[in-house]
Amino acid sequence: SSRGDAMRGLAVFISDIRNCKSKEAESKRINKELANIRSKFKGDKTLDGYSKKKYVCKLLFIFLLGHDIDFGHMEAVNLLSSNKYTEKQIGYLFISVLVSSNSDLMKLIIQNIKNDISSPKPVHVNLALHCIANIGSVEMSEAFGQEVPKLLVSAHASASVKQSAALCLLRLIRTLPEAMTYAEWASRVIHLLNDQHMWLTAATSLIHTLSQLSPGDYKGCVSLAVSRLSRIVTSTYTDLQDYTYYFVPAPWLSVKLLRLLQCYPVPEEPAVRGRLVECLETILNKCQEPPKSKKVQHSNSKNAVLFEAINLIIHIDSEPNLLVRACNQLGQFLQHRETNLRYLALESMCLLAGSEFSADAVKKHRETVINALKTERDVSVRQRAVDLLYAMCDKTNSEEIVAEMLAYLKKADYAIREEMVLKVAILSEKYASDYTWYVDTILKLIRVAGDYVSEEVWHRVIQIVINRDDAQGYAAKTVFENLQAPACHENMVKVGGYILGEFGNLIAGDERSSPLVQFNLLHSKFHLCTPSTRALLLSTYIKFINLFPEIKPTIQNVLQNNNQLRNADVELQQRALEYSQLSSITSQDVLATVLEEMPPFPERESSILAKLKKKKPASVQVSLVGCFISTYVSVQVSLVGDTLMDAFDDVLTLPADLGESPSTESTEHANRPNGLAKKIISPGFLLRFKLIHFKNLLIFADTIPTGSKGMRGLEFFFGVLFENALIQVGVKCEFKEQYGRVGLFFGNKTGNQLQNFAAAVSLGPEHQGKINVATQKEPPSQIDGGAQVQHFINLECISMFSGSPNLQLRYQHSSAPQQVTLKLPVIINKFMEGVDMNSGDFFSRWKQLGQPTQETQKIFQARHPIDTEAARTKLTGFGMCALTNVDPNPENLVGSGIIKTKTSQIGCLLRLEPNKQAKMYRLTVRSSVGEAAALICSMLEE
């Protein structure tokens with residue numbers, strides 16, 4: 001009615017508020033209106049629907065002005081029972097905005113929503129679905145998780161109801177993934193892709209999320225998505241041509257379909273694969289055509305489809321022609337006037353640089369990228385240009401790229417300087433054919449950006465110089481020359497002190513760098529340095545006494561000076577006193593033994609690379625593709641019952657209780673040259689091997705997210721699995737949902753051929769029927785001397801399992817048969833994905849899992865001092881989501897996760913309660929499957 005639509009009283013009230021001249025006048029008018037509404041609700045029990053709607057609307061308006069509303073909720077709920085659309089609409093609007101998800105009225109609201117969902121009127125059904133999605137609580141998910149899918153696949157529901165149902169179900173699943181039984185609805189939901197209505201965009205978003213949560217059940221969507229995409233982008237069809245947006249047919253649906261296809265590997269069926277390749281070629285071809293409109297909407301929609309198609313091409317990574325064409329297309333955007341296009345082109349080319357098929361095509365654009373680094377005004381685009389230069393760098397262009405990055409570093413934005421320093425240091429080390437060039441580069445790096453050179457960088461250059469006899473003399477000469485500069489950064493003093501203390505004798509023959517000149521040069525910097533650097537220089541001085549006995553009195557005068565012996569810094573005072581006594585009371589032979597030259601470091605992974613991984617894992621992952629074995633260090637493995645192995649901290653992020661922090665040790669060691677008495681020497685910065693239970697190595701292995709769109713839940717695990725005098729076995733694992741892919745790299749360390757080579761995965765009785773194993777790429781039967789071959793295995797977790805499968809290696813070396821049995825790094829927590837939830841949701845779910853069979857609890861002794869942050873890191877590395885601000889006791893840790901298997905989704909909740917006084921832990925794990933709770937509890941205890 002016109003009366004129902006007008007609500008004149010509401011219009012008058014809004015007009016009065018707008019006419020108020022001051023805040024006080026507005027508050028007075030609002031308080032008067034609130035008093036009037038309150039009296040109407042309390043006094044007049046016969047208010048009609050129109051009046052209730054009007055007053056509820058006023059309350060909504062007052063709330064939007066920033067005032068608290070503490071009444072009117074019941075009246076809004078009563079409006080839901082009205083048969084008039086406008087009254088029901090206002091009731092649902094008020095509830096969506098003002099009713100809390102834990103309100104006492106929620107049960108009554110849910111009952112009214114159930115009535116409207118079953119209504120024959122589509123508008124009423126839509127209102128109910130919108131309200132469910134807007135509230136989106138766990139209670140709503142549990143109440144309607146099985147009801148909304150029925151509307152979605154109903155033959156009688158209108159297109160608008162199906163669209164609302166798809167979006168509503170998407171919200172419920174994101175709130176509570178277990179709300180829907182995925183397998184039950186899979187076949188019918190997948191076939192929604194055949195629908196002719198435009199609400200298909202909403203359905204595609206839903207199927208995309210379902211494919212991420214349960215890829216096995218929804219893998220049938222691939223062929224339908226390819227078919228639908230083909231009908232959209234191929235000109236011979238007119239499917240959805242009515243939904244053309246600025247001459248681009250259904251661009252947003254195309255984007256969602258392309259994103260959906262990135263959830264699965266390339267289709268195996270030749271027809272489907274051929275059709276998909278045809279679609280991608282068509283998209284690339286259309287982007288070469290002249291634009292049909294000059295409006296920005298046309299170019300935006302056209303480029304949206306193009307970039308998502310390129311992401312899919314990168315994901316497939318098996319079509320050389322498409323990858324090269326995609327690279328060439330992106331190259332055209334590198335000089336586009338639109339900043340966003342330049343940024344996206346650089347970002348996508350970083351990924352293409354990691355593919356063996358398109359790496360060379362990316363390198364052709366090197367000059368354009370370098371020019372962008374010099375002329376680009378937007379800092380984010382310059383940062384992507386740095387990332388791309390880093391990704392495309394190899395032995396042929398490393399010197400040029402490093403030189404350009406160093407030149408840019410002088411004027412680079414402060415926000416990206418530290419990352420650039422790490423990348424320059426990594427590239428100069430990785431591609432150094434001449435170590436004199438490496439030394440020059442790092443020293444120039446310190447000169448240009450000394451404040452941003454972390455300890456890892458100068459520690460690493462010292463380690464390499466000590467290991468390379470041919471670089472020691474040059475390093476000493478070069479660092480001596482750099483120290484003569486009037487303005488010398490403190491990091492240069494550290495490097496100079498360390499190198500001259502070890503190898504200053506190599507340049508002492510020249511009178512321009514005589515022992516006394518070296519000492520005076522270093523000591524002239526002493527008073528300008530921080531205490532930690534002064535401590536290092538004192539260690540250098542005692543080294544000089546051993547190297548150059550002729551300047552011993554001069555150095556002893558410095559050590560015995562009151563400024564040192566009575567220094568307020570305890571470390572400096574102790575060093576000065578100990579070094580003074582050491583030089584005075586010991587014989588020359590003892591002194592030479594104590595202060596002998598630093599021994600070579602065992603080869604290991606660069607600590608700079610480890611730091612860059614933590615800082616920017618996606619970029620590092622791109623650079624590691626194809627060079628896994630060369631990057632990671634050899635690890636000596638000692639099989640004791642096939643369960644123990646030696647490993648070291650820098651290869652993987654191990655539990656904190658297995659050893660001290662490598663960074664702490666590195667700093668300590670760098671400040672004290674090796675060869676001092678045991679009381680003085682710190683063992684850090686020397687590689688320390690530890691004996692670790694293999695299961696712990698697997699459980700807490702470092703995970704590196706890809707950062708790719710549509711790849712949530714994907715994790716990587718890198719490591720050297722086994723090595724002896726004959727063979728090295730490296731492993732790279734990828735896990736997503738219930739799927740896993742294990743890449744094995746076999747390197748022949750000998751000069752002779754390994755013959756009759758065979759590798760096979762063997763499943764024990766405890767794994768039969770629980771893990772599917774399929775070999776993707778078999779290794780060759782012979783491995784030439786010094787060669788490396790690959791072996792890829794695909795895995796699928798069918799149901800819960802314990803332990804890990806075995807890898808059997810058999811081969812012959814010099815006619816002698818060899819056999820090795822290894823444990824593959826495949827355990828149940830690799831198929832776990834963390835789930836974030838708030839306190840209310842956690843404890844609500846915790847109470848639901850209260851059956852005795854669903855809980856496992858263990859109380860055990862802490863082996864090391866209790867550290868909450870270290871325990872939180874372990875939980876995250878295990879696969880759980882470590883929840884914050886959930887447990888009332890801040891010392892307790894809680895976590896949640898879902899184990900993804902083909903047959904089920906197993907929810908797991910965890911609570912870890914430390915007792916620091918007793919040095920004990922109480923670990924409680926609850927799961928919908930009792931076996932999972934017991935297994936996870938046992939694994940975490942170990």
Side-chain angles (χ1 to χ4, degrees), residues 436 438-451 453 455 457-459 461-462 464-466 471-564 567 569 571-572 575-576 579-580 582-583 591 595 597-598 670-676:
T436 59
Y438 170 74
V439 171
D440 287 338
T441 301
I442 298 298
L443 294 182
K444 184 176 181 181
L445 191 63
I446 295 174
R447 288 200 308 272
V448 171
D451 290 337
V453 175
E455 290 189 339
V457 174
W458 71 266
H459 288 178
V461 70
I462 288 170
I464 289 175
V465 168
I466 287 173
Q472 292 166 359
Y474 182 81
K477 175 177 176 293
T478 308
V479 78
F480 177 79
E481 293 170 353
N482 279 274
L483 285 172
Q484 292 176 318
C488 185
H489 195 274
E490 187 167 343
N491 280 335
M492 186 69 76
V493 177
K494 291 177 181 178
V495 175
Y498 208 114
I499 290 179
L500 291 179
E502 294 291 333
F503 311 113
N505 60 306
L506 300 179
I507 61 171
D510 189 336
E511 61 179 14
R512 292 171 297 180
S513 55
S514 65
L516 188 58
V517 172
Q518 292 184 42
F519 170 74
N520 288 334
L521 180 60
L522 285 174
H523 197 54
S524 67
K525 316 289 183 184
F526 187 88
H527 67 287
L528 302 172
C529 298
T530 59
S532 63
T533 306
R534 292 184 186 184
L536 187 148
L537 289 177
L538 289 178
S539 298
T540 301
Y541 297 166
I542 191 66
K543 282 272 192 174
F544 274 177
I545 290 179
N546 179 51
L547 290 176
F548 314 120
E550 63 270 26
I551 63 171
K552 180 177 179 179
T554 305
I555 295 174
Q556 283 183 325
N557 288 337
V558 172
L559 295 176
Q560 294 168 3
N561 189 291
N562 283 340
N563 289 338
Q564 308 305 333
N567 198 299
D569 188 285
E571 177 69 17
L572 290 177
R575 288 199 184 202
Y579 292 167
S580 176
L582 184 65
S583 64
L591 197 63
L595 301 175
E597 187 178 300
M598 187 79 161
N671 290 339
R672 303 184 179 193
N674 190 44
L676 302 181

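With hydrogens and angles ignored, the 3.5 Å screen pairs no side-chain donor or acceptor of Asn561 with any backbone N or O of Asn557. Here the side chain of Glu571 pairs no donor or acceptor atom with the backbone of Pro531 at under 3.5 angstrom.
Partners of Asn491 by side chain to side chain contact (heavy atoms under 4.5 Å, CB included), not counting sequence neighbours, listed by chain and number: Ile446, Val453, Trp458, His489, Lys494. In this structure Lys444 satisfies the salt bridge (Lys or Arg N to Asp or Glu O under 4.0 Å) test with no other residue, sequence neighbours excluded. For Asp510, the side chain to side chain contact (heavy atoms under 4.5 Å, CB included) partners are Arg512, Ser513, not counting sequence neighbours. The salt bridge (Lys or Arg N to Asp or Glu O under 4.0 Å) check on Glu550 picks up nothing, with sequence neighbours excluded. With sequence neighbours excluded, the residues forming a side chain to side chain contact (heavy atoms under 4.5 Å, CB included) with Ile466 are Ile462, Tyr498, Phe503, Met598, Phe601, listed by chain and number. Contacts of Asn482 classified as side chain to side chain contact (heavy atoms under 4.5 Å, CB included), with partners at least two apart in sequence or in another chain: Leu443, Arg447, Thr478, Met492.
Closest approach of Ile545 to Ser583, counting heavy atoms only: CD1-CB, 3.7 Å. Here the closest heavy-atom approach between residue Gly504 and residue Gln518 is recorded as O-NE2, 3.0 Å. Closest heavy-atom contact between His523 and Val558: CE1-CG1, 3.5 Å. When every heavy atom of Lys525 is checked against every heavy atom of Pro486, the shortest pair comes out as NZ-O, 4.4 Å. Minimum heavy-atom separation, Gly501 to Lys543: O-CB, 3.5 Å. When all heavy atoms of Ser539 and Arg575 are compared, the pair lying nearest together is OG-NH1, 2.7 Å.
You'll find the side chain of Val493 reaches within 4.5 Å of the side chain of Cys488, heavy atoms only. Inter-residue side-chain proximity for Phe526 and Leu538 is flagged as met; some heavy-atom pair is nearer than 4.5 Å.
In this structure, OH on Tyr541 lies 10.0 Å from CD1 on Ile551, to the nearest 0.5 angstrom. Atom OG1 of residue Thr436 and atom OH of residue Tyr474 lie 5.5 Å apart, to the nearest 0.5 angstrom. Note that CD of Glu481 and CG of Leu521 are 11.0 Å apart. Values are rounded to the nearest 0.5 Å. To the nearest 0.5 Å, atom CG of residue Leu506 and atom CD of residue Gln472 are 6.5 Å apart. Taking CD1 of Ile555 as the reference point, atom OG1 of Thr540 lies at 10.0 Å (rounded to 0.5 Å). Note that CG of Leu595 is 5.0 Å distant from CG of Asn546, once rounded to the nearest 0.5 Å.
A side chain to side chain contact (heavy atoms under 4.5 Å, CB included) with Val479 is found for exactly one of Val465, Leu500, Val461, namely Leu500.
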